[in-house]
Amino acid sequence: MGHVWKEDDARATATLILSVFVSCLGNSFLYGYQIGVVNQPANLIMEFYNKTYYERRGGNWDRMEAYDDYVQDRNITDTEAATKFGLNISDVSTLPSGTNKSFTPELFGADTSLLLEDWEIKILWSTTVAAFVLFGMFGAFMSAKVADYFGRKMGMLVITFLMFIAAVLGGITLAAKSPECLIASRVFVGLHSGLNITCCPLYLTEISPKKIRGAIGTCHQLAITIGILVSQILGLKELFGTADLWPYLFAFNALPSLFCLIFLPFFPESPRFLLIKKGEEDEARKALARFRGTDNISDEIEEMRVEARRSVGVKNYTIKELVTTPELRMPVIIACVLQIGQQWSGINAVMSYSSAMFEQVSVSKDTIPYIVVATGVINVLCTVVAVPLMEKLGRRPLLLYPMMCMLASFIIMIIFLNLQEKEDLKEHHSSFAYVCIFVMHTYVIGFALGLGPIPFIVVGEIFRQEPRAAAMSLSLAFNWICNFTLMLTFPFLKDGLKEFVYIPFSVVLICAITFIFFLVPETKNRTFDEIASSIAFGGRARGQNKAYGVNEEAEPMDTSKGYATSSREETDTNKV
């Protein structure tokens with residue numbers, strides 16, 4: 001008798017690994033890249049904005065740059081400046097040789113009244129940053145329809161054209177002398193990211209064997225962290241972080257998109273989508289056989305059949321239906337709270353404003369870009385570590401303990417930032433700065449191990465097939481909304497709270513830890529149906545094996561038998 005495929009035999013086949021790699025590169029990686037790409041060249045972009053609008057108002061930027069050079073050069077005398085910059089001044093010979101910095105902008109042909117005001121530059125820059133997040137929210141709300149209408153794989157392919165448009169607009173920004181091109185580029189990358197951050201995790205969740213579902217799901221967050229790191233590295237002044245080359249940072253979006261567009265069509269669609277949503281069992285069987293590397297897939301196919309029979313007559317859930325269905329109320333709350341906790345724990349404030357934070361603790365400006373890159377490296381390495389830990393330790397421990405580490409890091413940071421303000425401890429300020437840098441990195445480590453990857457995985461695991469796309473879409477809309485509000489308000493929080501700026505994030509972490517401890521179940525090594533049944537009406541989380549005290553009959557099934565036994569019994573009963 002031949003060997004029968006079981007979940008316990010789960011292995012990573014070449015098709016599975018390559019599907020994960022290609023889908024993450026063309027989607028998750030690009031999402032992470034968009035988070036970090038504007039940070040390193042921020043000052044260059046704002047200078048470009050100033051130059052463009054100065055020239056649009058009739059000014060000559062070359063003359064303004066000449067005046068700036070004159071002001072910045074502390075050693076040049078006015079006589080030397082007149083010769084160097086070709087100033088047409090009749091009484092140059094009468095100027096004392098030691099005279100310095102007496103020339104006005106008008107003598108250089110520069111008109112400072114044509115420059116943008118600080119508030120105008122801030123509005124343009126805020127629009128550039130916010131466009132990505134704002135349209136990401138719109139994309140997140142539409143993502144469920146895209147994932148259910150086109151499919152998980154096809155959905156990722158269909159939205160790729162958005163990134164090509166973004167790459168072209170971002171790449172021509174400098175040549176076209178158009179800040180509007182860059183803002184429009186950020187609109188398109190926002191839409192793409194909002195859509196792909198649902199399609200990609202859904203695809204990874206649905207193609208993964210149960211035993212390694214968490215590890216594969218973590219690849220989504222790993223690709224995001226790699227994207228952030230690559231954007232930080234490419235943005236260094238030794239590469240594309242210069243006044244002439246920064247548009248290439250935005251044109252780079254086309255390369256991973258092209259890779260995805262070429263290679264992703266060669267891999268199967270999600271078998272669960274094909275069988276449960278489309279009713280195409282033969283196609284689902286072929287796809288699953290390719291992912292598993294064997295034809296002995298009867299147990300998994302039977303599990304899908306059971307879920308498909310239960311969903312007969314059930315249409316795709318809308319957001320309204322999702323939030324008004326009683327048995328989905330607790331899973332929806334869990335999904336949204338995890339995403340809120342992820343964003344309002346402060347990670348994007350730490351990553352996006354890390355340069356300003358390092359300045360706050362007296363780190364040299366020349367050193368800051370490299371410390372930012374080091375932070376990105378640590379983020380990636382810790383996410384790599386989280387991949388095997390996901391299946392070894394489970395979801396709950398990797399949420400709770402790293403979050404406690406994040407909370408402790410913030411508390412230490414608050415203490416040492418306050419010590420930094422004390423003049424009588426001035427000789428120790430350098431040591432305090434090193435402590436702040438260290439605990440910021442322990443915060444990043446804690447996030448990368450738990451709150452970074454796990455919310456995406458848990459949201460995909462706690463819903464059955466029918467509401468899964470809508471639930472992922474809703475929860476990620478909360479993620480984007482929280483991201484938007486954080487990025488919008490953090491500069492004001494930083495100015496208002498100063499060294500106490502991490503207190504709101506600490507409060508969020510305390511609330512999230514409490515919520516997870518009492519209400520979020522362990523989902524490791526359980527089928528989608530077991531998880532959904534156990535938490536349908538909520539209750540108190542009880543360790544790894546039992547999620548809730550409600551519905552006591554909803555114990556985990558004997559996975560050694562899979563769904564095949566129970567579903568065959570159901571089929572036999574129907575025949576009678």
Side-chain angles (χ1 to χ4, degrees), residues 28-43 129 132 218 220-241 249 342-387 402-403 405-414 416-417 420 430-453 483 486-487 490-491 493-494 499 501-502 505-506 509:
S28 312
F29 170 86
L30 280 171
Y31 169 61
Y33 186 83
Q34 309 319 318
I35 292 174
V37 69
V38 295
N39 297 329
Q40 298 278 43
N43 291 330
V129 175
F132 167 65
T218 306
H220 168 68
Q221 181 66 20
L222 175 60
I224 291 175
T225 61
I226 293 174
I228 294 172
L229 175 61
V230 170
S231 70
Q232 291 168 339
I233 293 173
L234 293 181
L236 292 173
K237 61 183 179 182
E238 290 83 358
L239 296 174
F240 297 114
L249 292 169
Q342 186 195 70
Q343 287 301 319
W344 281 357
S345 67
I347 184 60
N348 279 343
V350 169
M351 300 303 290
S352 299
Y353 293 93
S354 54
S355 297
M357 290 180 184
F358 288 133
E359 287 181 20
Q360 188 177 2
V361 292
S362 308
V363 177
S364 167
K365 288 187 177 181
D366 293 334
T367 309
I368 286 174
Y370 303 98
I371 297 179
V372 170
V373 170
T375 304
V377 171
I378 291 171
N379 198 11
V380 171
L381 293 177
C382 290
T383 308
V384 171
V385 172
V387 174
M403 286 175 70
C405 173
M406 293 165 64
L407 177 60
S409 298
F410 274 152
I411 292 171
I412 295 171
M413 181 79 80
I414 293 167
F416 279 88
L417 283 177
Q420 191 88 0
S430 177
S431 300
F432 296 157
Y434 285 117
V435 172
C436 289
I437 293 171
F438 175 78
V439 296
M440 184 176 288
H441 286 137
T442 61
Y443 168 88
V444 171
I445 290 170
F447 182 87
L449 288 175
L451 204 51
N483 187 0
L486 176 63
M487 301 299 284
F490 184 75
L493 283 174
K494 187 161 66 71
E499 60 270 17
V501 70
Y502 298 110
F505 303 137
S506 301
L509 282 169

Fit a plane to each ring of Tyr502 and Phe410, take the angle between them on a 0 to 90° scale, and name the class: parallel (under 30°), tilted (30 to 60°) or perpendicular (over 60°).
parallel
Met403 CE to Leu451 CG distance, which is reported to the nearest 0.5 Å
5.0 Å
Under the side-chain contact (heavy atoms from CB on, under 4.5 Å) criterion, do Leu222 and Val380 qualify, and how do the steps go?
CA-CA 6 Å; Leu222 175 60; Val380 171; 4.2 Å; yes
What are the two closest non-hydrogen atoms of Gly346 and Leu486, and how far apart are they?
CA-CD2, 4.3 Å
May I ask you to test the Phe447-Gln342 pair for a side-chain heavy-atom distance under 4.5 Å?
yes
Minimum heavy-atom distance Pro402-Leu449, with the two atoms named:
CG-CB, 4.1 Å
Distance (rounded to the nearest 0.5 Å) between Leu229 CG and Ser231 OG:
7.5 Å
Can you check whether Leu249's main-chain N or O pairs, donor with acceptor, with Tyr33's side chain at less than 3.5 Å?
yes
Within the distance-only criterion (no hydrogens, no angle test), does the side chain of Gln40 pair as donor or acceptor with the backbone N or O of Leu236 below 3.5 angstrom?
no
Under 6.0 Å from the OH atom of Tyr370, do we count more than 12 heavy atoms belonging to anything else shown?
yes
Within this structure, what is the SG-CG distance for the pair Cys436 and Leu417, rounded to the nearest 0.5 Å?
4.5 Å
Taking all atoms of both residues into account, what is the closest heavy-atom pair of Ser28 and Ile224, and its distance?
O-CG1, 3.5 Å
Quick check for you: to the nearest 0.5 Å, what is the distance between Tyr31 atom OH and Gln221 atom CD?
8.5 Å
Pairwise side-chain contact, Ile378 with Ile445, heavy-atom cut-off 4.5 Å (strictly under)
yes
Would you give the length of the straight line joining atom OG1 of Thr442 to atom CD1 of Ile437, rounded to the nearest 0.5 angstrom?
12.0 Å
Atom pair OG1/CD1 of Thr383 and Ile226 - distance to nearest 0.5 Å:
8.5 Å
A side-chain contact here means heavy atoms from C-beta on lying under 4.5 Å apart; do Thr375 and His441 qualify?
yes
Which heavy-atom pair separates Val373 from Ile233 by the least distance, and what is that distance?
CG1-CG1, 3.9 Å
If you define the side chain from C-beta out and look only at heavy atoms, does anything of Ser345 sit under 4.5 Å from Tyr443?
yes
